[in-house]
Amino acid sequence: QVQLVESGGGLVQAGGSLRLSCAASRIIISIDQMGWHRQAPGKQRELVAVITSGSRTNYADSVKGRFTITRDNAKNTVYLQMNSLKPEDTAVYYCRVVTGAINYWGQGTQVTVSS
């Protein structure tokens, strides 16, 4: 089993930036998709950004133009660069990796944006 280790969360002022990282504990031979989801208190988990094996990216409308998802295949790592953060971005962010029929999830990292 692969563990996804997340880092980079924390407290930041509105307008600031954070960079989330998610690294797989083992090399994954074939990753179909890597992405980030988030869940705010009392809200459903929502998709934030994904990047496919073909490097196609997709973003939630609420973060488009502010967030950028990238990946380093050699390191089995996915990043989420978050700029111009808003209080509405406050949530627990979860990394997700899809390989074949298997989904892996990170433990979640808290992002808090103060106003």
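Since this is a predicted model, take the numbers as computed values, not measurements.
- Judged by distance alone, with hydrogens and angles left aside, the side-chain atoms of T99 form a donor-acceptor pair with the main-chain N or O of S30 at under 3.5 Å.
- Remark: I31 CD1 to N76 CG distance equals 4.5 Å, nearest 0.5 Å.
- Shown here is E46, whose CD atom has more than 12 heavy atoms of other residues, nucleotides or ligands within 6.0 Å.
- Side chain of Q39 to main chain of V92: no donor-acceptor pair is present (N/O by atom type, distance under 3.5 Å, no hydrogens or angles).
- Contact check for L4 versus M34: no side-chain heavy atoms found under the 4.5 Å cut-off.
- For the atom pair CG of N73 and OG of S55, the computed distance is 6.5 Å after rounding to the nearest 0.5 Å.
- Here the CG atom belonging to L85 is positioned 13.0 Å from the OG atom belonging to S115, to the nearest 0.5 angstrom.
- In this structure, the side chains of M82 and V111 come closer than 4.5 Å at one or more pairs of heavy atoms.
- Residue pairs that meet the ring pair (Phe, Tyr, Trp, His ring centres under 6.0 Å) test with at least one member in residues 59-96, sequence neighbours left out, do not exist here.
- Residues A23 and T77 approach most closely at CB-OG1, 3.6 Å, considering heavy atoms.
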**Q.** Step-by-step side chain to side chain donor-acceptor pair (under 3.5 Å) determination, D32 to S53
**A.** CA-CA 5 Å; D32 297 311; S53 61; 5.0 Å; no

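- Between V78 and I69 there is a side-chain heavy-atom pair separated by less than 4.5 Å.
- To the nearest 0.5 angstrom, Y104 atom OH is 12.5 Å from C22 atom SG.
- Residues C95 and W105 form no side-chain contact, since every pair of their non-hydrogen atoms from C-beta on lies 4.5 Å or further apart.
- Tracing side-chain contacts under 4.5 Å through hydrophobic residues (I, L, V, M, F, W, Y), one never reaches W36 starting from L47; they form parts of separate clusters.
- L11 CG to Q110 CD: the interatomic distance, rounded to the nearest 0.5 Å, is 9.5 Å.
- Closest heavy-atom contact between S84 and D89: O-OD2, 4.5 Å.
- The existence of a salt bridge linking D61 and K64 is confirmed by a sub-4.0 Å separation between a basic side-chain nitrogen and an acidic carboxylate oxygen.
- Atoms CG and CZ, on N83 and R66 in that order, are 9.0 Å from each other to the nearest 0.5 Å.
- Cluster annotation: V48 and V98 are assigned to distinct hydrophobic clusters (Ile/Leu/Val/Met/Phe/Trp/Tyr, side-chain heavy-atom contacts under 4.5 Å, transitive).
- Counting only heavy atoms from C-beta outward, the side chains of V63 and R38 approach each other to under 4.5 Å.
- You'll find the side chain of R96 reaches within 4.5 Å of the side chain of N103, heavy atoms only.
- Two different hydrophobic clusters hold V2 and V50 under the rule that ILVMFWY side chains link at heavy-atom gaps under 4.5 Å.
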